[in-house]
Amino acid sequence: TIYAVLLAFVVQSVWAQFNEARVLVDREANEVADLHRLTDGLPDKSRVPLQTALSRYVDEVIAHEWHAMAKGDEDTIERFESLCWEALRA
């Protein structure tokens with residue numbers, strides 16, 4: 001019975017972490033979509049670099065950050081952070 005209690009605790013903990021990650025991914029996706037829509041009202045000189053940076057950000061997240069996070073690869077995560085700051089300065 002102690003094993004059943006421990007197993008239930010572990011399952012609940014993993015499920016909570018999964019739900020938290022899902023909520024964070026949903027929030028980030030919505031924020032990127034909102035930013036992309038907001039840039040539609042800007043002149044081409046400002047809009048194009050911002051939308052390009054947002055597209056690059058999404059591509060990098062999907063191609064690299066998710067895999068790095070799954071493996072706990074801190075080097076890739078740090079490189080990704082610098083890419084995000086670079087995109088913000090664009």
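Worth knowing before you read on, the calculation uses all heavy atoms, side chains too, and leaves out hydrogens, waters and symmetry mates. The structure displayed is predicted, hence computed values, not measured ones.
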Between side-chain atoms of residues 30-41 and protein atoms elsewhere (two or more places apart, or another chain), which donor-acceptor pairs fall under 3.5 Å?
unit_1	atom_1	unit_2	atom_2	d
Asn30	ND2	Asp26	O	3.2
Asp34	OD1	Arg37	NH2	2.6
Thr39	OG1	His36	O	2.6
Thr39	OG1	Gln51	NE2	2.9
Asp40	OD1	Gln51	NE2	2.9

Side-chain donor/acceptor of Thr52 to backbone N/O of Val48, under 3.5 Å: yes
Distance in Å, Tyr3 OH paired with Leu7 CG, rounded so as to fall on 0.5 Å steps: 12.0 Å
Ile62 with Leu54, same ILVMFWY side-chain cluster at under 4.5 Å: yes
